[in-house]
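Everything below concerns the one structure shown next.
Quick caveat: nothing in here was measured; it's all calculated off a predicted structure. Chain letters run A, B, ... following the sequence lines, proteins first, then strands; residues in each count from 1.
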Amino acid sequence: MSSHSMKKYKIGGLAPLILVLSGLCLVPFFLRAYLVEVAMMYFIYIILAQSYRLIVTVHDWQLYHIVLYGVGAYTSGMLAKNLGVPVFVAIPLGGAMAGLVGMAITLPLLRTKGWGFYIATYGLAELIRLTWLKFRNPFGGSTGIIDIPWPPVIAGIDFSDRIPYYFFSLGVMLLVMLMLYRIEKSRIGDSFKAISMDPELAASTGINIPRHRLMACSIGGFFAGVAGGLLVHRLGAVDPKLFNITTTLYLLIWVVVGGTNTFWGPIIGVSVMHTLFELSRPLIEIRPMFFGLSMVLVLIFLPGGLEGLISKAITRLQKRDRVAPVET
Amino acid sequence: MPILEVEGLSKYFGGLAALNDVNLSIQEGEIRGIIGPNGAGKTTLFNVISGVYRPSSGQIRYQGKTRIDGLSSSRIAGMGVVRTFQRTALYHHFSVLKNVIVARHLHAKENIFRVISGLAKKTEEKNTEKALEIVEFMGLGHLKEELAENLPHGHQRALGVAIAIACEPKVLLLDEPLTGMTPTEKDRMIDLIRKVHQQGITILMVEHDMRSVMELCGYISVLDFGMLLVEGPPAEIQNNEMVINAYLGTEDILSASTSA
Ligand SMILES: Nc1ncnc2c1ncn2[C@@H]1O[C@H](COP(=O)(O)OP(=O)(O)O)[C@@H](O)[C@H]1O
Ligand SMILES: [Mg+2]
């Protein structure tokens, strides 16, 4: 009986997904140009937040994720501009570089724990960002790099146009979501969570914790780098300001407000908080205060994030449903 | 041939010798009891053998020549020496089945790239099947979907053993498996330990419940103040003057066991 009701909810879960996807496919044809650009940023931010959550499941709230996003952007942009690498090849290469850098940063920090780890990750990330800032050659210093190549025309579709690039970034986002969802549902994904729940127990069952931490941060880093590539070939330019501590704070806000317990948390977090961000453009002066406050309020009153609130509501509904047929 | 040999093993915490020159030789296929008053160093012995702590000095040899002292916990588990915890160590927010699935790490063959590309389904299914087998073997089949944190204490302890069994150990270290159990739960756990032993697994068991230790173990080693006090078959240990003295003024375990 319980398997019956489970099945029903699985189908119930698929229907809204199809609805959202069809909506996403139609939306660019009806939105103003500016809003299509904004929509692409949602995709990029969802990739960022979701890949960060993978790392958070191992309990490594590192503070270099946004800089890896930058590593992806710089690498992909420079490969395309300086070496003529095709854009669609440069983007995954930027991801690979970000994954490697993530691993290189984490490796020496594996012995540090808690606050030491967080602060050290921030320090190393700043070091990378300052390198971009200080070295005009090859990184362009504070003004960054401009004239980064646009994506090419493939099969008659010009991917430097807004709508084709919208679908390209939508496709990349969905692909990344699919891969991360597979990890989430796999035994390896559970091993990550096991490590954060009880590292001593996990190690006693043969789980190599340093290896898993490196795995999570390099996979997460890879996807952050891919997000950076998506960004840079839409902007046509890159500079260090894009990857400063403010962006890191926004990432933390998305993830904390959305919640990290389930896969859907970061998606909810980006959807809600970035919408508020866009709506509050007229209040730009006080916006950072508002966002900081929202994170603090969620931490205090909604430790599970918005996602926790929603899943509580769903559980309540399911309970009501499950009880009903028994009584009749 | 001994499967596990401990030689001159010491472990200091600051000035305190939690283990002091301990020698043990565990034969393949035996159930060895490790007893001693609280603070005697029993858990520390398990922690050192299982790689949680590095020994201050001494050697631990496994299957003849292989030195395992100083290796990491995960390496040692990978070689077949697996321990349970005195505390109730579980993944509280996982279901019973998932607790065991995760513990199949060493024997589940999928890797991250196969997972990402969706090719790991078959191996994962196989792994889940095997985990299910273990869950049923441990008498937890009817609770497989229950969250670990919602189980009664006795079943939580059984799940702790199931997690260790899932690693397919050759040597299993049980740290107070009967702690806090009702008499019925104890009887069930004793049966389970017997069943596990019948699978050919060598067992080292720390336990305060003397009746059960006497019943299960063929040979008993007694620790006191980090030192090996005496060893022998249960009947000898029960009446040993030194053992009785060691327990004197701490707990009245030996007499409690005869009345129980
Ligand atoms: N991590 C540690 N740090 C300091 N002292 C410890 C630590 N672990 C155990 N001890 C000490 O070592 C002694 C033996 O402890 P333990 O092995 O837990 O005893 P038992 O399991 O026999 O009750 C105790 O005095 C305990 O306080
Ligand atoms: Mg103990």
| note | Interface check, chain B: of A:Leu201, A:Ile209, A:Thr205, most non-hydrogen pairs under 4.5 Å belong to A:Leu201
In terms of heavy-atom proximity below 4.5 Å to chain A, should [X] be classed as side chain, backbone, both, or neither?
X: B:Arg114; value: neither
X: B:Val81; value: neither
X: B:Asn99; value: neither
X: B:His93; value: both
X: B:Leu90; value: backbone
X: B:Phe85; value: side chain
X: B:Ala120; value: neither

In Å, rounded to the nearest 0.5 Å, how long is the span from [atom1] of [X] to [atom2] of [Y]?
X: B:Leu119; Y: A:Arg182; atom1: CG; atom2: CZ; result: 7.5 Å
X: A:Glu200; Y: B:Arg87; atom1: CD; atom2: CZ; result: 5.0 Å
X: A:Ser186; Y: B:Ile101; atom1: OG; atom2: CD1; result: 11.0 Å

Tell me whether the count of non-hydrogen atoms from other residues, nucleotides or ligands lying under 6.0 Å of [atom1] in [X] goes above 12.
X: B:Lys195; atom1: NZ; result: yes
X: B:Arg194; atom1: CZ; result: yes
X: A:Arg111; atom1: CZ; result: no
X: B:Arg61; atom1: CZ; result: yes
X: A:His59; atom1: NE2; result: no
X: B:Met138; atom1: CE; result: yes

| query | Out of A:Ile188, A:Leu178, A:Ile183, A:Leu180, which one pairs with B:Ile116 under the side chain to side chain contact (heavy atoms under 4.5 Å, CB included) rule? | reply | A:Ile183
| Leading residue by heavy atom contact count with chain A [cutoff under 4.5 Å; candidates B:Ser74, B:Gly51, B:Ala77, B:Pro169] | B:Ser74
| Derivation and outcome, side chain to side chain contact (heavy atoms under 4.5 Å, CB included), residues B:His105 and A:Arg187 | CA-CA 8 Å; B:His105 174 80; A:Arg187 197 198 45 78; 3.5 Å; yes
| request: Determine, stepwise, if the pair B:Val102 / A:Met197 fulfils side chain to side chain contact (heavy atoms under 4.5 Å, CB included). | output: CA-CA 12 Å; B:Val102 170; A:Met197 263 186 261; over 6 Å; no
| request: For the pair B:Tyr91 (side chain) and A:Ser191 (backbone), establish whether a donor and an acceptor sit closer than 3.5 Å, ignoring hydrogens and angles. | output: no
